[in-house]
Amino acid sequence: MSTHPTAPWWRDAVVYQIYPRSFQDSDGDGEGDLRGIAQRLHHIADLGADAVWLSPVYPSPFADGGYDVADYIGIDPRFGSLRDADYVIAAAHELGLKLLMDIVPCHTSIEHPWFSEHPERYVWSDREGPRNNWIAAFGGPAWSRDPRSGRWYLHSFYPEQPDLDWRREDVRAAMAAVLRFWIDRGVDGFRLDAIDRLVKDLELRDDPQATGPPALPEHGEAGTLEQRHSRNAPDIGDALAALRAGAGDDALLVGEVYLPASGLAPFLEQLDVAFAFELLHAPWDVTAIRAAVEVALDPAGAAGRVAWVLSNHDCPRLPDRVGCENVRTAALLALTLPGLVFMFQGDEIGMADGPGREPPDDRAGRDRHRHPMRWDDDVPHGGFTRGLVPWMPAIEVAGGAVKAQRADPDSLLSLYRDLIAVRRRLGDGLDFIAADDGVLAYRRGPNHVVAINLSQDARAAPAAGRLVRATHAHEHAAGSAAPDRLGPGEGFVAIA
Ligand code: GLC
């Protein structure tokens, strides 16, 4: 909910990402599904989030966790049916939650009927073998041989994900119709997957060897080339315009544009916001975090049209990435930045990475970030499934499951809920202020100050008035004077 009467609903919104396979199982088959999501939506509404993003629920052979779509306007039977999708959309709206679908426009599944019925919609090599030296995002050549035709096709990700040719009008029209289909069913917007890969060099030229580290982390081998031609072509506008036309002006379009914030401008001509990936990858120190925030807010670049994100289904979970001792300040940081913010299911209870699967479900090693939600420690499988075998174990969480944390005012979950409420009251803009070494401090609007100790020692806190919310409320209650020292992993939002 925005404090600006004319602003779109998403301006300062909190979007809660659901990884459907791991949220809630309703039928006992050990995998999450749409009916299960509907049962648990009140948890998200209680947190105070504004919207839900569903990772893909479409029919898929699941070579890439559903990001290999075989039918953009259907529902995979493992998740339910279109009727169940309608039910979830309606249930979300009843609770005041908007709903975003995940659209994967860059590639289809190799099992999508288009691949056999409309091969012309894909990108093919003009020779018997790879057309160029491009490397796929998860390693290996970005070209594979289609055994049926003997021709070689491009895949920016797994070989099971052939890339569509977005310079074709029929591809653009077909995908625009997909967005329209979901808008007509009532969804409020889309997270657009891997949009920087949508359009590549017209001549399919080789990528040059990298001369330094990539701007954003790449999976192993993919970072050995500078991805100059294999992504981010200058004529991206036509493709994005088609997506916008399909979605309509009111739909929220959030781009997964895997580029530094300084390169987002051409995408933001059609998209509302793009993820701020520098922040997601920033090491947990003041210089890096401050730089990541500044570049995203830079008026000459992304100008704050970003979706902040610290966690998603592709990355190590927060306790593993920033350390258990810093999950509270991570919440404080993400939820006090100006604009739209995304959180990943389980962040609010401090879910950590779990063991991988053997053999792996995801060949790129991301299974361990995708364990089922832990709802209740007193029932089998944490309440995720009443079946005998969850697809991955619902591992215990150090701070307890949702049920225990909900009742505890000092829990991480309570911190998330309180910060989401506080966030509505923070003013416009963000100005960094001087603070002790290792302390990140900023003003929000005229009235609020945020201070976060990112160091491993106690530090002086910047001057502030009454506390609005501290990370450790049992020691520093709301309404009391802001402390003049912050222990490691501590922070607050206070009246300036
Ligand atoms: C995005 C998704 C990731 C997927 C990839 C290919 O980065 O977040 O899970 O593997 O796109 O679709």
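First listed ligand is number 1; within each ligand, the first listed atom is number 1. Keep in mind it's a predicted model, so treat the numbers as computed, not measured.
- D76 and R78 are joined by a salt bridge, as a carboxylate oxygen and a charged side-chain nitrogen come within less than 4.0 angstrom of each other.
- Ring geometry, F62 versus F79: the interplanar angle falls from 30° to 60°, so the pair is classed tilted.
- Which parts of ligand 1 touch H107 is read off a 4.0 Å heavy-atom cut-off, strictly below it: atoms 6 (C), 12 (O).
- Contacts between F138 and ligand 1 below 4.0 angstrom, taking non-hydrogen atoms only, involve the side chain exclusively.
- At the shortest separation from atom 10 (O) of ligand 1 among protein heavy atoms lies D64 OD2, 2.6 Å.
- R21 forms a cation-pi arrangement with W391, by the criterion of a distance under 6.0 Å to the ring centre and an angle within 45° of the ring axis.
- Looking only at heavy atoms of the protein, atom 7 (O) of ligand 1 is closest to E256 OE2, 2.7 Å.
- Looking at atom 8 (O) of ligand 1, its nearest protein heavy atom turns out to be D314 OD2, 2.5 Å.
- When Y258, F157, F275, Y158 are checked for heavy-atom proximity to atom 5 (C) of ligand 1, F157 turns out nearest.
- Ring orientation note: the planes of W124 and F115 are close to parallel, at an angle under 30° on the 30°/60° scale.
- For H155 (side chain) and F157 (main-chain N/O), a donor-acceptor pair under 3.5 Å exists by modelled atom type.
- Close contacts of ligand 1 with R366, meaning ligand atoms under 4.0 Å from a residue heavy atom, involve 3 (C), 4 (C), 9 (O), 10 (O).
- Under 4.0 Å is where a charged nitrogen must lie from a carboxylate oxygen, and between D361 and R370 no such pair does.
- In terms of protein heavy-atom proximity, atom 1 (C) of ligand 1 is closest to D193 OD1, 2.7 Å.
- At a 4.0 Å heavy-atom cut-off, ligand 1 touches R191 through the side chain alone.
- Note on ring orientation: taking the six-membered ring where Trp is involved, the planes of Y67 and H313 are parallel (angle under 30°, cut-offs 30° and 60°).
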